[in-house]
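Just the heavy atoms: all of them, side chains too, but no hydrogens, waters or symmetry mates, feed the values below.
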Amino acid sequence: MAHLGSCFCGAVKVEVAGAPEAMGYCHCSSCRSWSGGPVNAFSLWKPEAVRIASGAEYVATFQKSELSQRQYCSKCGGHLMTNHPPIGLVDVFASTIPTLAFIPGVHVNYAETVMPMRDGLLKLKDFPAELGGSGEIIAE
């Protein structure tokens with residue numbers, strides 16, 4: 001199954017195919033600052049499952065750290081996705097893909113939260129161990 005999403009103005013269309021590797025919430029200060037909210041809803045995909053369907057000429061990239069290459073529309077500033085080369089995944093903002101059923105499974109970087117969420121989901125201090133984090137669980 002494929003899903004089509006776009007930036008805020010619609011100039012850039014993003015297509016994802018298949019199912020995401022994971023969905024959840026990130027509470028780190030970088031994601032909060034970038035998203036403009038107290039928490040960022042993510043969907044993680046293998047790079048080959050994500051493509052720019054149209055408007056590639058408007059895609060700009062900002063890289064603050066080795067972990068994240070944040071992509072946005074240079075026409076409207078709308079956020080699109082974040083490439084994470086060290087972990088081999090692409091985070092397509094959940095809100096960018098309106099037809100994707102967002103089913104979160106985890107909270108990452110919960111040690112940095114500014115908005116505690118009591119939803120029964122697993123809450124990790126940072127990242128899962130298999131992605132280079134401690135894998136430490138924070139009790140609700």
key: Approximate separation, where rounding is to 0.5 Å, of Lys123 NZ and Glu136 CD   = 15.0 Å
query = How far apart are the closest heavy atoms of Cys9 and Lys75, and which atoms are they?
reply = SG-CD, 4.2 Å
query = Transitively linked via ILVMFWY side-chain contacts under 4.5 Å: Leu80 with Phe42?
reply = no
request  = Measure the OG1-CD1 distance between Thr113 and Ile138 for me, rounded to the nearest 0.5 Å.
outcome  = 9.0 Å
Test item: His27 and Met117 side chains (from C-beta on) under 4.5 Å apart, heavy atoms = yes
note = All heavy atoms of Thr61 vs all of Gln69, minimum pair found to be CG2-CB, 3.9 Å
key: hydrophobic_cluster_shared for Leu131 and Leu67, side chain cutoff 4.5 Å   = yes
query = Does a sphere of radius 6.0 Å around NZ in Lys13 hold more than 12 heavy atoms from other residues, nucleotides or ligands, not counting ones at 6.0 Å or beyond?
reply = yes
ask   = So, for Pro20 and Leu100, which heavy atoms are closest and what is the spacing to 0.1 Å?
value = CD-CD1, 4.4 Å
request  = May I have all residue pairs that pass ring pair (Phe, Tyr, Trp, His ring centres under 6.0 Å) and include part of residues 43-62, sequence neighbours excluded?
outcome  = none
query = Do side-chain atoms of Asp119 reach the backbone of Leu121 as a donor and acceptor pair under 3.5 angstrom?
reply = yes
inquiry  = Before you tell me yes or no, could you show the steps for Ser68 and His84 under side chain to side chain contact (heavy atoms under 4.5 Å, CB included), namely the whole-Å CA-CA distance, both residues' side-chain angles and the distance that decides it to 0.1 Å?
reply    = CA-CA 5 Å; Ser68 303; His84 296 296; 3.2 Å; yes
request  = Please report the shortest heavy-atom distance between Leu124 and Gly135, naming the atom on each side.
outcome  = CD2-O, 3.7 Å
inquiry  = For Glu15 versus Ala2, what's the shortest heavy-atom pair and its separation?
reply    = OE2-CB, 4.0 Å
ask   = Roughly how far, to the nearest 0.5 Å, is NZ of Lys125 from OH of Tyr110?
value = 15.5 Å
ask   = Would you say Leu4 and Tyr72 are hydrophobically clustered, going by side-chain heavy atoms of ILVMFWY under 4.5 Å?
value = no
ask   = Given Arg32 and Val114, is the side chain to side chain contact (heavy atoms under 4.5 Å, CB included) satisfied, shown in steps?
value = CA-CA 9 Å; Arg32 291 195 324 265; Val114 296; 3.7 Å; yes
task = Report yes if the side chains of Lys46 and Glu21 come closer than 4.5 Å at any heavy-atom pair, otherwise no.
result = yes
ask   = Does the ring pair (Phe, Tyr, Trp, His ring centres under 6.0 Å) test come out yes or no for His107 and Tyr25, once each step is laid out?
value = CA-CA 5 Å; His107 291 266; Tyr25 301 104; 5.0 Å; yes
Connected via hydrophobic side-chain network under 4.5 Å: Val106 and Ile103 = no
query = Can you find a heavy atom in the side chain of Val108 that is under 4.5 Å from one in the side chain of Asp126?
reply = no
note = When Asp91, Leu89, Val92 are each screened for side-chain contact (heavy atoms from CB on, under 4.5 Å) with Thr82, the one that passes is Asp91
task = Check Ala101 against Met23 and note the closest heavy-atom contact, atom names and distance.
result = O-CE, 3.6 Å
key: Distance, nearest 0.5 Å, that separates OG of Ser29 from CD of Glu112   = 4.5 Å
message = Please determine whether residues Ile97 and Val90 belong to a single hydrophobic cluster, defined as Ile, Leu, Val, Met, Phe, Trp and Tyr linked transitively by side-chain heavy-atom distances below 4.5 Å.
response = yes
ask   = Heavy-atom distance under 4.5 Å between the side chains of Ser74 and Glu57, does that happen here?
value = no
ask   = Passes side chain to side chain contact (heavy atoms under 4.5 Å, CB included), Val12 versus Ile52? Steps please.
value = CA-CA 7 Å; Val12 180; Ile52 301 297; 4.1 Å; yes
request  = Please say whether more than 12 non-hydrogen atoms of neighbouring residues, nucleotides or ligands are located less than 6.0 Å from CD in Glu48.
outcome  = yes
inquiry  = Could you tell me if the side chain of Met81 sits less than 4.5 Å from the side chain of Val50, heavy atoms only?
reply    = yes
query = When rounded to the nearest 0.5 angstrom, what is the spacing between CZ in Phe93 and SG in Cys7?
reply = 12.5 Å
